[in-house]
Amino acid sequence: MKGTHKQVMAKKDKILAELREKFGKASIIIFTDYRGHERGLNVKDISELRKRLREHNVEYKIAKNTLISKVLKEKGLEGADEYLKDPTAVVIGYGDPVMAAKTLTTFAKEKKTPAYPDGLPLIKGAHLEGQKLNRAATMNVATLPSRNDLIAQLLSLMNAPAQKVMGILQAPGRDMLSILDQWNKSREGSPAS
């Protein structure tokens, strides 16, 4: 940060306040290795990632590790210091944490290189609703069904017994119609008395 000491401190305080607000509302915080355009994502890639994340109520924020660490400790989210080595960017999800992880991992898979076979940005770990996740667990979150998919599955399961009951209740009527239809056909085919 450049400028006078007063300007630097004001800028730092503004970033801290912004991180406090964002982390306070977050359902998931994913730590990624931000390396800049020399060894990682370029400006165009970062813009594309941000655009995709915004579609799912997720942000991509680049900040100094010391500032991220300070806010995490204030929020009681301990244990992330191991993820705050090298330049860091955080993916902050406010809604469905699975969609944040899915969007990030899908993007990373598209950015595979020989130097980065897992893609870019490199995922270090996460905090999911207060629980620390390592890299593998964070990647596994992306394989889970989204919140909307889970709700649809749950509603389908809840609806299945009602559909069975309706089928059972309708069966006697169908059976009676079938019997009457067969009786009617048998009468049509028999000689008149």
Side-chain angles (χ1 to χ4, degrees), residues 1-113 115-139 141-142:
M1 293 183 204
K2 293 184 180 180
T4 67
H5 179 73
K6 198 174 200 178
Q7 290 170 326
V8 169
M9 293 309 291
K11 195 174 200 179
K12 192 182 209 181
D13 289 342
K14 181 181 176 196
I15 293 168
L16 283 169
E18 184 180 350
L19 288 173
R20 284 181 190 110
E21 179 202 347
K22 292 175 186 304
F23 288 3
K25 296 188 300 186
S27 59
I28 189 167
I29 302 167
I30 304 172
F31 304 94
T32 69
D33 190 347
Y34 168 71
R35 299 211 174 240
H37 68 280
E38 297 93 23
R39 300 184 313 183
L41 298 174
N42 58 35
V43 173
K44 181 181 173 191
D45 291 335
I46 291 172
S47 295
E48 175 62 25
L49 175 58
R50 282 184 167 140
K51 178 182 171 204
R52 290 188 197 181
L53 291 169
R54 266 192 307 270
E55 292 171 4
H56 300 288
N57 198 22
V58 181
E59 289 185 70
Y60 185 74
K61 180 85 175 138
I62 299 166
K64 290 188 173 273
N65 290 338
T66 53
L67 301 179
I68 295 170
S69 178
K70 182 175 183 164
V71 174
L72 288 172
K73 285 179 180 143
E74 288 174 8
K75 297 287 180 189
L77 302 173
E78 301 290 331
D81 287 341
E82 69 184 274
Y83 306 138
L84 299 175
K85 293 177 176 40
D86 298 320
T88 302
V90 287
V91 173
I92 308 164
Y94 302 107
D96 185 355
V98 173
M99 288 310 298
K102 271 186 203 276
T103 305
L104 178 63
T105 56
T106 300
F107 182 86
K109 287 176 187 172
E110 294 171 11
K111 302 297 177 191
K112 287 183 179 183
T113 68
Y116 301 102
D118 290 331
L120 296 169
L122 296 173
I123 297 169
K124 298 177 182 181
H127 264 289
L128 173 61
E129 304 206 4
Q131 297 295 315
K132 179 183 164 193
L133 303 178
N134 64 20
R135 183 179 187 291
T138 304
M139 301 290 278
V141 170

*Separation between NZ of Lys64 and CG of Leu84, rounded to the nearest 0.5 Å*: 13.0 Å

*asked:* Contact between Ile68 and Ile29 at the side-chain level, heavy atoms closer than 4.5 Å - yes or no?
replied: no

*For Ala142, what residues pass the side chain to side chain contact (heavy atoms under 4.5 Å, CB included) criterion, not counting sequence neighbours?*
Ala101, Lys102, Thr105

_Counterpart residues, salt bridge (charged side-chain N to carboxylate O under 4.0 Å, His left out), relative to Lys25 (two or more places apart)_ = Glu21

*asked:* As an exercise, state the distance from OG1 of Thr103 to CG of Asn57, rounded to the nearest 0.5 Å.
replied: 11.0 Å

_Listed partners of Tyr83 passing ring pair (Phe, Tyr, Trp, His ring centres under 6.0 Å), at least two apart_ = Phe31

_Less than 4.0 angstrom from a charged side-chain N to a carboxylate O is my criterion; do Lys44 and Glu48 meet it?_
no

_Checking Arg54 now: which residues fulfil side chain to side chain contact (heavy atoms under 4.5 Å, CB included) with it, not counting sequence neighbours?_
Arg50, Lys51

_Summary of ring-ring contact (aromatic ring centres under 6.0 Å, His included) pairs that have at least one residue in residues 52-82, sequence neighbours excluded_ = none

*With sequence neighbours excluded, tell me which residues meet side chain to side chain donor-acceptor pair (under 3.5 Å) with Thr66.*
none

*If you draw a 6.0 Å radius around CD in Gln131, do more than 12 non-hydrogen atoms from other residues or ligands fall strictly inside?*
no

*To the nearest 0.5 Å, what is the distance between CG (Leu41) and CD1 (Ile62)?*
8.5 Å

_Sub-4.5 Å side-chain heavy-atom contact between Met99 and Val58_ = no

*Partners of Glu78 by side chain to side chain contact (heavy atoms under 4.5 Å, CB included), sequence neighbours excluded?*
Lys73

*What's the shortest heavy-atom distance between Ala100 and Leu53, and which atoms?*
O-CD2, 4.2 Å

*Return yes if some donor-acceptor pair links the side-chain N/O of Ser27 with the main-chain N/O of Asp96 below 3.5 Å, else return no.*
no

_Restricting to non-hydrogen atoms, name the atom on Ser69 and the atom on Asp81 that form the minimum distance, rounded to 0.1 Å._
OG-OD1, 3.1 Å

*Test item: Val91 and Pro121 side chains (from C-beta on) under 4.5 Å apart, heavy atoms*: no

*How about Leu122 and Asp86: do any of their side-chain heavy atoms sit closer than 4.5 Å?*
no

*Can you list the residues that meet the side chain to side chain donor-acceptor pair (under 3.5 Å) rule with Thr88, with sequence neighbours excluded?*
Asn65, Lys124

_Distance (rounded to the nearest 0.5 Å) between Lys70 NZ and Leu72 CG_ = 12.5 Å

*Can you name the side chain to side chain contact (heavy atoms under 4.5 Å, CB included) partners of Glu18, sequence neighbours left out?*
Lys22, Lys61

_Partners meeting side chain to side chain donor-acceptor pair (under 3.5 Å) with Lys111 (sequence neighbours left out)_ = Asp45

*Looking at NZ of Lys75 and CG of Leu19, how far apart are the two atoms once the value is rounded to the nearest 0.5 Å?*
10.0 Å

*All side chain to side chain donor-acceptor pair (under 3.5 Å) counterparts of Arg135, not counting sequence neighbours*: Asp118

_OG1 on Thr106 to CG on Leu49, rounded to 0.5 Å_ = 11.0 Å

*Is any side-chain heavy atom of Pro97 closer than 4.5 Å to a side-chain heavy atom of Ile30?*
no

*What residues, two or more places apart in sequence or in another chain, satisfy salt bridge (charged side-chain N to carboxylate O under 4.0 Å, His left out) together with Asp33?*
Arg35

